[in-house]
There are 2 protein chains.
Amino acid sequence: MTPPSTSVLGSPESLCCAPLTDAAFSERDAEEIAGILGALSDPVRLRLFSIVASQDEVCSCHLEGPLARSQPTISHHTKVLADAGLIHGEKRGRWMWWSVVPERVAQVRQLLGGT
Amino acid sequence: MTPPSTSVLGSPESLCCAPLTDAAFSERDAEEIAGILGALSDPVRLRLFSIVASQDEVCSCHLEGPLARSQPTISHHTKVLADAGLIHGEKRGRWMWWSVVPERVAQVRQLLGGT
DNA sequence: CTGATACATTGACAGATATCAATATGACGA
DNA sequence: TCGTCATATTGATATCTGTCAATGTATCAG
């Protein structure tokens, strides 16, 4: 199911490479990790992520209000976060339910010199 | 010495607020944290940071080569990282020596739901 | 003082991106 | 089937940003 990958972080299940205090990142690794951090580098998107992270599941319809952004913008941000592997979406009926991928967050934390 | 600040992360010495798994960030907090993560969201800059982080001190003159960027670009990136509080620069003679601010990195790690 | 070296700043420009209006897709209820 | 609701996609636009050439500033050697 998971396609073969030589990426640093790989699938959310796999553990990542050495933290940045150990060795400099390769160009390829830096590209991938920067992409993930970039997904969290927008204020609105970071707040969206924190809303999802502070709950079990959040419906898209419950994000427009707190974030004060249009529906397409919310959809755009959830897509960016999902593409980065930071959140996971599940469609149930007409609603889209989002939840964080804890393993992914743990990976990023470890890259930052985590324990 | 440290100016009064109501920011989330505050000075590199102060500990930060609750991790994002506990509560959603305020607009103000998200703005600041996103700025810090944004400093790490560029591949070249992230690699620069990892080079500095994997050593005690790094001279600006030792970054142009590995990163394959012009001197002004390197200077720009170091400034962005320094403004984010992630690295600290010290001029000695004609050379600028950069080192990471470990407390800052630890703060970011804690915001990511760290232990 | 003069020239050279290391870094910072400025200005310009191409590419990325956050945003919304309009539209499309898909699911449910009547 | 029809209309409504929730979300995704497309297209357009204003803003942000990474990059380099040119220039400015500070330090050291002679």
Side-chain angles (χ1 to χ4, degrees), chain A residues 25 27-28 30-52 55 57-99, chain B residues 25 27-28 30-52 55 57-99:
Chain A
F25 292 144
E27 287 191 45
R28 181 196 170 83
E31 200 88 35
E32 181 177 1
I33 302 169
I36 298 175
L37 293 174
L40 296 173
S41 69
D42 176 78
V44 173
R45 201 155 55 220
L46 178 61
R47 214 144 64 86
L48 192 163
F49 184 66
S50 74
I51 290 175
V52 175
Q55 304 177 41
E57 275 185 330
V58 174
C59 173
S60 283
C61 57
H62 290 156
L63 293 170
E64 249 175 276
L67 296 174
R69 290 297 185 284
S70 71
Q71 179 269 322
T73 297
I74 300 294
S75 180
H76 164 69
H77 285 314
T78 52
K79 176 172 172 49
V80 171
L81 288 170
D83 287 346
L86 288 164
I87 64 174
H88 167 260
E90 185 184 345
K91 189 164 191 177
R92 287 204 294 273
R94 279 179 283 191
W95 293 273
M96 194 69 178
W97 293 92
W98 299 100
S99 55
Chain B
F25 293 144
E27 285 191 46
R28 181 196 171 87
E31 199 90 34
E32 181 178 1
I33 301 170
I36 298 175
L37 293 175
L40 296 173
S41 70
D42 176 77
V44 173
R45 201 155 54 218
L46 178 62
R47 212 143 64 85
L48 192 162
F49 184 67
S50 73
I51 291 175
V52 175
Q55 303 177 40
E57 274 185 329
V58 175
C59 173
S60 284
C61 56
H62 290 155
L63 293 170
E64 250 176 274
L67 296 176
R69 290 299 185 284
S70 71
Q71 178 268 320
T73 297
I74 300 296
S75 180
H76 164 69
H77 285 314
T78 51
K79 177 173 172 49
V80 171
L81 288 170
D83 287 348
L86 288 163
I87 63 175
H88 167 257
E90 184 184 346
K91 189 166 192 179
R92 286 201 295 272
R94 276 179 287 190
W95 291 274
M96 195 68 178
W97 293 92
W98 299 100
S99 54

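Every chain is numbered from 1, with letters handed out A, B, ... down the list of sequences. Just so you know, these numbers use all the heavy atoms, side chains as well, and skip hydrogens, waters and symmetry mates.
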(message) Assess, by modelled atom type and distance only, whether the side chains of T78(B) and S75(B) contain a donor and an acceptor separated by less than 3.5 Å.
(response) no
(request) List the steps, then state whether side chain to side chain contact (heavy atoms under 4.5 Å, CB included) holds for W95(B) with S60(B). (result) CA-CA 7 Å; W95(B) 291 274; S60(B) 284; over 6 Å; no
(request) Measure from CG on D83(B) to P on dT17(D) and round the result to the nearest Å. (result) 12 Å
(request) Say whether, by atom type as modelled, one donor and one acceptor occur between the side chain of R47(A) and the main chain of R45(A) under 3.5 angstrom. (result) no
(request) Hey, which sits more toward the 5' end of DNA chain C by its nearest nucleotide, M96(B) or S70(A)? (result) M96(B)
(message) From the set dT7(D), dC7(C), dT19(D), return the single nucleotide nearest to any side-chain atom of S60(B).
(response) dC7(C)
(request) Select base, sugar-phosphate, or nothing to describe what H77(B) touches, counting heavy atoms under 4.0 Å on all strands. (result) sugar-phosphate
(request) Identify the residue among L81(B), D42(B), V44(B) that makes a side-chain contact (heavy atoms from CB on, under 4.5 Å) with F49(B). (result) L81(B)
(request) Find the distance L81(A):CG to dT17(C):P and express it as a whole number of Å. (result) 14 Å
(message) Please determine whether a side-chain nitrogen of the Lys or Arg among E57(A) and R92(A) lies less than 4.0 Å from a carboxylate oxygen of the Asp or Glu.
(response) yes
(request) Quickly work out the I74(A) CD1 to dC5(D) P distance and round it to whole Å. (result) 20 Å
(request) When you get a sec, tell me which of dA8(D), dG18(D), dA18(C) is the closest nucleotide to the side chain of H76(A)? (result) dA18(C)
(request) Look at the side-chain N and O atoms of T73(A) and state whether any lies under 4.0 Å from the OP1 or OP2 oxygen of dT19(C). (result) no
(request) Measure the distance from NZ on K91(B) to P on dT5(C) and round it to the nearest whole Å. (result) 16 Å
(request) Measure from NE2 on H62(B) to C1' on dA6(C) and round the result to the nearest Å. (result) 12 Å
(request) Hey, which sits more toward the 5' end of DNA chain D by its nearest nucleotide, R94(A) or K79(A)? (result) R94(A)
(message) Counting only heavy atoms not in Q55(A) (residues, nucleotides, ligands), do more than 12 fall under 6.0 Å from its CD?
(response) yes
(message) Under 4.0 Å, heavy atom to any atom of DNA chain D: which of residues 39-47 of chain B qualify?
(response) D42(B), V44(B), R45(B)
(request) Return yes if some donor-acceptor pair links the side-chain N/O of S41(B) with the main-chain N/O of S41(A) below 3.5 Å, else return no. (result) no
(request) Would you mind reading off the distance between L63(A) atom CG and dT7(D) atom P, rounded to a whole angstrom? (result) 9 Å
(request) Ignoring backbone atoms, establish whether R69(A) has a side-chain N or O less than 4.0 Å from OP1 or OP2 of dT19(C). (result) yes
(message) Please report the distance, rounded to the nearest Å, between CZ in R92(A) and C1' in dC28(C).
(response) 16 Å
(request) Mind calculating the distance between CD (Q71(A)) and C1' (dT4(D)) to the nearest angstrom? (result) 15 Å
